[in-house]
J.: 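Encoded as structure tokens, here's the structure I'll be asking about.
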Amino acid sequence: QVQLVESGGGLVQAGGSLRLSCIASGRIFSINAMGWYRQAPGKERELVATITSGAYTNYADSVKGRFTISRDNAKNTVYLQMNSLKPEDTAVYYCNADITRTTMTSSHPYWGQGTQVTVSS
């Protein structure tokens with residue numbers, strides 16, 4: 001019953017900014033780590049940023065200093081603020097969440113369907 005839905009993707013010029021959102025819904029007991037991944041044409045999916053339930057963050061070297069990940073636990077939502085965008089940031093961005101559905105079960109990873117981000121040169 002868990003569903004992750006991304007939004008906020010679109011077209012932006014190099015040097016511009018964009019904010020992505022991902023909301024988790026359905027049967028959820030708790031959410032541990034959340035993160036953003038991306039997949040560019042002809043490349044494998046790669047980690048962009050992660051954030052723990054305690055708000056500790058980790059970033060890929062390619063986006064460090066430009067992107068900021070955050071979350072709102074009350075809304076089951078994770079955000080990715082992207083600044084100083086470059087053409088190489090063009091990709092489909094996917095939301096990920098490690099979710100425990102009941103008190104008696106372990107956590108499992110869930111994925112959204114992705115949102116397209118295109119940065120023009």
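Numbers for residues simply follow the sequence, beginning at 1. Both backbone and side-chain heavy atoms feed into the values below; hydrogens, waters and symmetry mates do not.
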J.: Is the closest side-chain heavy-atom distance between I31 and V78 below 4.5 Å?
T.: no
J.: Check this for me: does any side-chain nitrogen of one of D61 and K64 sit under 4.0 Å from a carboxylate oxygen of the other?
T.: yes
J.: Just wondering, more than 12 heavy atoms not from Q113 lying within 6.0 Å of its CD?
T.: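 12 or below, so no.
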J.: Indicate the atoms forming the closest heavy-atom contact of S62 with R38, along with that distance.
T.: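 Result for this residue pair: OG-NH2, 3.4 Å.
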J.: Can you see which heavy atom on L20 is nearest to which on G9, and at what distance?
T.: CD2-N, 3.6 Å
J.: Using the rule given for side-chain contact (heavy atoms from CB on, under 4.5 Å), can you reason through Y79 versus D72, listing the C-alpha separation, both sets of side-chain angles and the distance that settles it, and then say yes or no?
T.: CA-CA 8 Å; Y79 306 93; D72 186 333; 4.2 Å; yes
J.: Taking it one step at a time, do F29 and I99 satisfy side-chain contact (heavy atoms from CB on, under 4.5 Å)?
T.: CA-CA 8 Å; F29 176 75; I99 296 174; over 6 Å; no
J.: Let me know which of T100, D98, N73 forms a side-chain contact (heavy atoms from CB on, under 4.5 Å) with S30.
T.: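 The option that passes is T100.
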J.: What is the minimum heavy-atom distance between N96 and W111, and which atoms define it?
T.: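 In terms of heavy atoms, the two residues are closest at ND2-CE2, 3.3 Å.
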J.: So which heavy atom on S121 is nearest to which on A14, and how close?
T.: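 Smallest interatomic distance, heavy atoms only, reads CA-CB, 4.4 Å.
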J.: Side chain of E6, backbone of G114: donor and acceptor closer than 3.5 Å?
T.: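 Here the side-chain-to-backbone pair exists.
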J.: Between Q39 and A91 (side chain of the first, backbone of the second, donor and acceptor by atom type, cut-off under 3.5 Å), is there such a pair?
T.: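 No, because the side chain of Q39 does not come within donor-acceptor range (under 3.5 Å) of the backbone of A91.
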J.: Go through the steps to decide whether R101 and H108 satisfy the test side-chain contact (heavy atoms from CB on, under 4.5 Å), and finish with yes or no.
T.: CA-CA 9 Å; R101 298 185 63 186; H108 297 277; over 6 Å; no
J.: Kindly determine whether M82 and R66 satisfy side-chain contact (heavy atoms from CB on, under 4.5 Å), including the steps that lead there.
T.: CA-CA 6 Å; M82 304 184 293; R66 300 188 297 120; over 6 Å; no
J.: Does T102 offer a backbone N or O that forms a donor-acceptor pair with the side chain of R27 under 3.5 Å?
T.: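 Checked: no pair found.
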J.: If hydrophobic clusters are built by linking Ile, Leu, Val, Met, Phe, Trp and Tyr wherever their side-chain heavy atoms come under 4.5 Å apart, do Y37 and M34 end up in the same one?
T.: no
J.: Which atom names give the shortest non-hydrogen contact between D89 and S84, and what distance separates them?
T.: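 Closest pair (atom of D89, atom of S84, distance): OD2-O, 4.5 Å.
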J.: Under 3.5 Å, side chain of T90 to main-chain N/O of V119, donor-acceptor pair present?
T.: yes
J.: Any chain of hydrophobic side-chain contacts (each under 4.5 Å) joining L80 to Y94?
T.: no
J.: Anything under 30° is parallel, anything over 60° is perpendicular, the rest tilted; go ahead and classify Y93 against F67.
T.: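 Because their plane-to-plane angle lies in the 30° to 60° range, the rings of Y93 and F67 count as tilted.
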J.: Do V12 and V92 share a hydrophobic cluster, counting only Ile, Leu, Val, Met, Phe, Trp and Tyr and linking them when any side-chain heavy atoms are less than 4.5 Å apart?
T.: no
J.: Within this structure, what is the CG-CD1 distance for the pair N76 and I28, rounded to the nearest 0.5 Å?
T.: 4.5 Å
J.: Write down the atom of L4, the atom of C95, and the distance for their closest heavy-atom approach.
T.: CD2-SG, 3.7 Å
J.: State the CZ-OG distance between R71 and S21, to the nearest 0.5 angstrom.
T.: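 With rounding to 0.5 Å, CZ (R71) is 14.0 Å from OG (S21).
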J.: Taking a hydrophobic cluster as the set of Ile, Leu, Val, Met, Phe, Trp and Tyr residues connected by side-chain heavy atoms closer than 4.5 Å, whether directly or through intermediates, do I51 and Y59 fall within one such cluster?
T.: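 Yes; Y59 is reachable from I51 via cluster members.
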J.: Does a donor on one side chain sit under 3.5 Å from an acceptor on the other, for N83 and S17?
T.: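 Checked: N83/S17 side chains pair up, N/O donor to acceptor below 3.5 Å.
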